[in-house]
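Here is the structure we will look at.
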2 protein chains.
Amino acid sequence: MKNPIENLNKIFDSRIRLGIMSALMVNDEVNFNDLKELIQVTDGNLASHLKTLEENAYVDVKKGFIGRKTNTTYAVTKAGEKAFKAHLQALEEMIKGMG
Amino acid sequence: MKNPIENLNKIFDSRIRLGIMSALMVNDEVNFNDLKELIQVTDGNLASHLKTLEENAYVDVKKGFIGRKTNTTYAVTKAGEKAFKAHLQALEEMIKGMG
DNA sequence: TATTATTACTTTGAATTACAAAGTACTTCT
DNA sequence: AGAAGTACTTTGTAATTCAAAGTAATAATA
């Protein structure tokens, strides 16, 4: 038997970061408030998890406008997509290893 | 879009507890040292994560012997199996939600 | 024009969690 | 007798997580 968790990415241990990534994998971009609504976190908390993802270059920020209102949207980077897919792969292997 | 993480079990956010559960799902029972080897944790750390799982009634302890040596083995409970399967289900739904 | 609201944060502080290391009790092997 | 193994518990620290409050900029409302 081999270590079932060695290929899991520590960044994605956090359910909130998992949720963010999974939302960003589906949609080309998602704005701050929609993410907040979706994942049910406080804005401060969301901002700090997004920051962690940004620091790891898994997520990009795009500051824009809807009409005249500020609208910050987030999107996964290539690296983020790759890392997340690898994590899912590791999860699948862990589950498969369970026959 | 619905919250992708609401059905994830918080107990299984921890990679180590995930690893323990996944090892116990495959094998009817696994002893302390094999788990330690497999998951690569210190014994104190392993013991405390096992305790968390025991407290949640996801895991049972069986104290026995191999010859004359003490041998403590761990096994998933019915409840643990159910909870873990539900968690995996939630993960799968999260991934599937990603098309 | 004043004020209230909204967006997207940052900062602060507290609580929780995780971890390694050391200590313990019991047994077994040499 | 002494060393080693098993399965812990305890201790202390570090890291993580979180809510709440504060902030700055703009926009909507009265």
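Residue numbers start from 1 in every chain, and the chains themselves are labelled A, B, ... in the order their sequence lines are given, proteins ahead of strands.
- The side chain of B:Arg17 places an N or O atom within less than 4.0 Å of a non-bridging phosphate oxygen (OP1 or OP2) of C:dA18.
- Between the CG atom of B:Leu35 and the P atom of D:dT6 there is a distance of 13 Å, rounded to whole Å.
- Note on A:Ser14: only backbone sugar-phosphate atoms sit closer than 4.0 angstrom, heavy atoms only; bases stay farther off.
- Residues forming a ring-ring contact (aromatic ring centres under 6.0 Å, His included) with B:Phe84 (at least two apart in sequence, or on another chain): B:Phe12.
- Between B:Asn33 and D:dT6, a side-chain N or O to OP1/OP2 separation shorter than 4.0 Å is present.
- Distance NZ (A:Lys51) to P (C:dT12): 12 Å, rounded to an integer number of Å.
- Side-chain N/O atoms of B:Thr42 include one lying less than 4.0 angstrom from OP1 or OP2 on C:dA20.
- Of the side-chain N and O atoms in B:Lys36, none sit less than 4.0 angstrom from OP1 or OP2 of D:dT6.
- Nucleotide D:dA25 holds its P atom 18 Å from the CZ atom of A:Phe32, rounded to whole Å.
- Here C:dC19 presents its C1' atom at 14 Å from CG of A:Asp13, a figure rounded to the nearest Å.
- Counting any heavy atom pair closer than 4.0 Å across all strands shown, A:Asn31 reaches no nucleic acid atom.
- Note: CD1 (A:Ile20) to C1' (D:dT17) measures 13 Å, nearest angstrom.
- One finds no side-chain N or O of A:Lys63 lying less than 4.0 angstrom from the OP1 or OP2 phosphate oxygen of C:dT7.
- Residue B:Glu55 contributes atom CD, which lies 11 Å from atom P of C:dT17 at whole-angstrom precision.
- The two residues B:His49 and B:Ile20 come nearest to each other via the heavy atoms CB-CD1, 3.9 Å.
- Side-chain N/O atoms of A:Thr70 include none lying less than 4.0 angstrom from OP1 or OP2 on D:dT26.
- At a threshold of 4.0 angstrom between heavy atoms, the contacts of A:Tyr74 are confined to the sugar-phosphate backbone, with no base atom among them.
- Between B:Thr72 and D:dC8 there is a side-chain polar atom (N or O) within less than 4.0 angstrom of OP1 or OP2.
- When heavy atoms are screened at a 4.0 angstrom cut-off, B:Arg15 is found touching no nucleic acid atom at all.
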Identify each donor-acceptor pair in which a side-chain atom of residues 23-36 of chain A lies under 3.5 Å from a protein atom, sequence neighbours left out, and give them as a table.
unit_1  : atom_1 : unit_2  : atom_2 : d
A:Asn31 : OD1    : A:Asn33 : N      : 3.2
A:Asn31 : OD1    : A:Asp34 : N      : 2.9
A:Asn31 : ND2    : A:Asn71 : OD1    : 3.3

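- Look at B:His49 and you'll find a side-chain N or O under 4.0 angstrom from OP1 or OP2 of C:dC19.
- When the shell of 6.0 Å around CD of A:Glu93 is examined, it contains more than 12 heavy atoms from other residues, nucleotides or ligands.
- Across all strands, A:Ile16 comes closer than 4.0 Å only to sugar-phosphate atoms, never to a base (heavy-atom distances).
- Atom P of nucleotide D:dA19 and atom CG of A:Leu46 are separated by 11 Å, given to the nearest angstrom.
- When each of B:Lys10, B:Arg15, B:Arg17 is paired with A:Asp13, the salt bridge (Lys or Arg N to Asp or Glu O under 4.0 Å) condition holds for B:Arg15 and for no other.
- Using a 4.0 Å cut-off, no side-chain N or O of A:Asn45 falls inside it from OP1 or OP2 of D:dT17.
- As a whole-Å value, the separation of B:Glu37 CD from D:dA7 C1' is 16 Å.
- Within a 6.0 Å sphere centred on CD of B:Glu37, other residues, nucleotides and ligands contribute 12 heavy atoms or fewer.
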